[in-house]
Engineer: 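Before anything else, here's the structure in question.
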Amino acid sequence: MALIELIDISKSFDGELVLDEFNLKIEENEFITLLGPSGCGKTTTLRILGGFETPDTGRVMFQGEDITNLAPNKRQLNTVFQKYALFPHMNIAENIAFGLKISGKSKDYINDKIKYALKLVNLTGYEKRSVDSLSGGQQQRIAIARAIVNEPRVLLLDEPLGALDLKLRQEMQYELIRLKNELGITFLYVTHDQEEALTMSDKVVVMNQGYIQQMGTPEEIYNEPENAFVADFIGDSNIIDGIMLEDRVVKICGAVFPCIDEGFGRNKPVDVVIRPEDIIIGKPGQGIMDGVVTSNVFIGVHYEMCIQAGGFEWLAQNTTSYPVGTRVSIGVTPENIQIMHKPQSEDEEAISLDD
Amino acid sequence: MTNSGKNRNLKRIFSGPFLAFILCGTLVPMGVIAYYGLTDRSGAFTLSNIVAIATRSHAQALGLSLGLALISTIICLLLAFPLGLILKDSKLGRKGFMVFVFILPMWMNFLLRTMAWQVLLERNGIINLALKALGLPLLDIINTPAAVVLGMVYDYLPFMVLPIYNAMIKIDNSLIEAAYDLGAGKTAVLRKVILPLSVPGIVSGITMVFVPSLTTFAISTMLGGGKVNLIGNIIEQEFTVSSNWNLGAGLSLVMMVFIIISMALIEKFDREGEASVI
């Protein structure tokens with residue numbers, strides 16, 4: 001049995017549908033991430049789980065028990081809020097002790113727990129500090145400490161790293177993975193940052209417009225996006241109209257590419273996804289089609305170039321720089337071509353294209 | 001550097017009128033009051049105007065003033081705190097309206113409003129006429145301390161509501177949600193989160209109600225009918241009826257000390273409160 005089950009959850013605010021017949025199962029001891037653009041319903045899902053919103057229809061099950069209408073303070077889960085929400089009138093120890101005092105734990109137990117939690121988040125000795133005196137990253141750790149001392153079955157995290165700078169964010173990502181492994185509890189993480197989602201999660205749920213677009217391991221989401229929205233949202237990608245000529249052969253921009261996908265039928269229009277780092281740049285005539293480099297930007301490890309070829313501007317990444325105006329060839333190995341069905345209905349298309 | 005220096009000079013120039021006003025309108029008159037308070041009619045130094053507070057009638061007036069001011073402040077606080085809670089949780093449109101309703105009386109001169117109560121509370125006033133028509137017992141509180149307290153509460157309640165409301169709407173909703181999330185029930189959220197975070201508003205509210213209540217003479221004159229003698233009335237009479245400016249100034253100085261002491265007490269209570277609430 002899944003630990004948490006959301007069944008046919010619908011929720012609208014001011015007539016605007018945020019979640020539509022949403023279904024999700026969350027297993028025990030899983031790091032699951034809800035990923036999507038703002039307004040996709042991910043935060044609403046989290047708030048429904050936390051008990052801060054009531055769904056219009058549908059049920060929230062916790063270990064097989066219906067908790068849809070249970071008050072937030074009666075649920076066996078704790079939330080780490082986006083803006084930390086530490087109590088400014090209490091010091092660090094008092095903040096961490098808040099939940100334990102409410103549940104009437106003994107003083108010794110509380111003190112032990114505070115010590116343990118501070119050690120867990122690498123802030124030993126911060127008991128007497130005030131909230132203001134802590135940096136954003138430290139406050140975030142305290143918010144996590146305050147939540148986990150209550151030994152929740154599930155920790156809900158609402159974009160907890162959003163306000164931190166890049167370096168700190170990356171550090172905290174590893175910290176969170178470590179915490180999750182040490183505590184052995186379920187983490188439900190909400191973010192719009194695809195890198196965060198891919199780095200930390202066991203399972204990523206890509207959401208848009210209140211629907212789940214795709215659910216899977218980070219590798220599955222990245223390598224085999226199921227539709228154009230997922231491909232576009234997760235990393236950079238070239239999404240091109242193609243025609244599946246037959247099994248293992250796709251025609252893109254007038255050129256024929258060998259691929260490994262089968263079962264799409266003959267002469268069927270499809271969406272083709274090719275990651276920029278998978279485009280092989282060579283001398284003219286050596287690849288599948290020829291083109292001209294139209295822009296070139298150094299972005300750190302590699303150069304990001306646009307190559308005009310066959311009427312499409314291809315985004316390519318390479319460690320070798322090809323100056324603007326250079327004639328080059330491009331090619332892709334068959335297994336790096338990801339073929340996707342075209343959206344069947346207009347509704348589906350709207351979901352895919354809208355961002 | 002030079003630019004910011006210029007800016008600072010400019011700011012200094014613009015603060016000039018205010019500083020001049022503070023000097024002429026507050027500091028100089030305070031000096032004059034201190035001078036009158038510490039001298040007798042001939043201009044010789046004396047403490048008799050200060051010590052005069054210990055005379056029976058003065059001490060009684062001071063005690064009554066402190067008592068009534070305290071009662072008014074407590075009533076205002078008891079009314080304003082729940083109101084703040086209601087205003088905080090109400091929807092935005094209604095919020096604006098509710099605040100408006102409570103600020104509205106402040107647009108009218110408070111003497112007029114107090115006078116209105118005089119008319120309402122009179123033995124044959126509107127309230128009693130209505131009660132009589134309904135066959136209910138008459139309300140006989142005009143010219144009693146109760147009427148004065150009523151006037152004080154009515155006049156000063158907005159000064160308690162506003163700072164408390166301001167403090168409460170500044171409380172981030174996520175703090176309240178966090179408290180619920182950590183297992184707190186409604187009472188615990190109120191006691192451990194909302195109340196302590198409202199303390200700054202409560203303290204300024206208390207200050208803004210207690211001080212004018214302690215020193216008022218207009219309310220007690222109009223609603224006390226000369227039977228409720230507050231320290232403010234005595235000082236006023238020394239200045240007007242008795243033309244004894246020295247005694248009036250001396251008693252004013254004593255009042256000032258009392259106000260400073262009360263403020264210090266509130267401040268102290270505030271700090272301790274903040275610590276003990278946790």
Side-chain angles (χ1 to χ4, degrees), chain A residues 14 43 46-47 49-53 70-105 110 113 128 130-131 139 142-152 154-160 163, chain B residues 77 81 84-85 88-96 163-206 266-278:
Chain A
D14 300 325
T43 299
L46 188 97
R47 290 177 61 81
L49 262 174
F52 303 115
E53 305 284 355
L70 200 65
N73 52 341
K74 304 265 186 278
R75 300 190 179 199
Q76 283 183 46
L77 28 82
N78 286 111
T79 310
V80 176
F81 291 84
Q82 195 168 6
K83 289 176 290 167
Y84 322 139
L86 296 179
F87 303 119
H89 56 293
M90 303 181 188
N91 67 24
I92 297 309
E94 287 157 351
N95 261 286
I96 296 175
F98 190 90
L100 299 172
K101 276 187 190 163
I102 296 279
S103 57
K105 296 283 192 296
I110 291 176
K113 271 284 182 189
K128 296 275 172 260
S130 74
V131 171
Q139 290 192 23
I142 296 302
I144 293 168
R146 182 179 68 175
I148 59 180
V149 288
N150 305 295
E151 298 177 354
V154 183
L155 193 63
L156 307 175
L157 301 109
D158 185 9
E159 307 217 14
Chain B
L77 185 60
F81 191 80
L85 285 178
K88 174 182 163 52
D89 288 339
S90 62
K91 292 273 180 287
L92 214 76
R94 237 179 87 214
K95 200 184 276 180
I164 290 181
Y165 168 71
N166 270 333
M168 278 185 181
I169 54 166
K170 276 197 207 117
I171 299 174
D172 193 338
N173 213 30
S174 67
L175 289 180
I176 292 164
E177 285 186 353
Y180 281 121
D181 187 76
L182 292 166
K186 277 202 163 67
T187 336
V189 170
L190 186 64
R191 215 164 45 83
K192 292 181 172 241
V193 179
I194 297 177
L195 183 62
L197 289 175
S198 309
V199 161
I202 294 174
V203 169
S204 38
I206 289 177
I266 292 171
E267 192 100 323
K268 189 165 178 289
F269 175 77
D270 167 22
R271 289 220 190 92
E272 277 174 5
E274 226 168 304
S276 73
V277 165
I278 299 156

Engineer: Below 4.5 Å from any heavy atom of chain A, which atoms of B:Ala188 appear? Answer side chain, backbone, both or neither.
Structural biologist: side chain

Engineer: Which answer fits A:Ser103, side chain, backbone, both or neither, if we ask what part of it has an atom under 4.5 Å from a heavy atom of chain B?
Structural biologist: neither

Engineer: Distance alone, cut at 3.5 Å: any donor-acceptor contact between the side chains of A:Thr79 and B:Asp181?
Structural biologist: yes

Engineer: Taking NZ, NE, NH1 and NH2 as the nitrogens, is one of them in A:Glu94 or A:Lys101 under 4.0 Å from a carboxylate oxygen of the other?
Structural biologist: no

Engineer: Can you name the closest pair of heavy atoms from B:Lys192 and A:Met90 and give their distance?
Structural biologist: O-CE, 3.6 Å

Engineer: Any idea which of B:Ala184, B:Gly185, B:Ser174 has the most non-hydrogen atom pairs under 4.5 angstrom with chain A?
Structural biologist: B:Ala184

Engineer: Check whether A:Leu86 gets within reach of chain B through its side chain, its backbone, both or neither, counting any heavy atom under 4.5 Å.
Structural biologist: backbone

Engineer: Do you know which two heavy atoms are closest between A:Pro152 and A:Leu77, and how far apart they sit?
Structural biologist: CB-CA, 3.8 Å

Engineer: Give, as side chain, backbone, both or neither, the part of A:Asn78 having an atom under 4.5 angstrom from any heavy atom of chain B.
Structural biologist: both

Engineer: Is it the case that A:Arg146 places NZ or CZ above or below the six-membered ring of A:Phe87, under 6.0 angstrom from the centre and within 45 degrees of the axis?
Structural biologist: yes

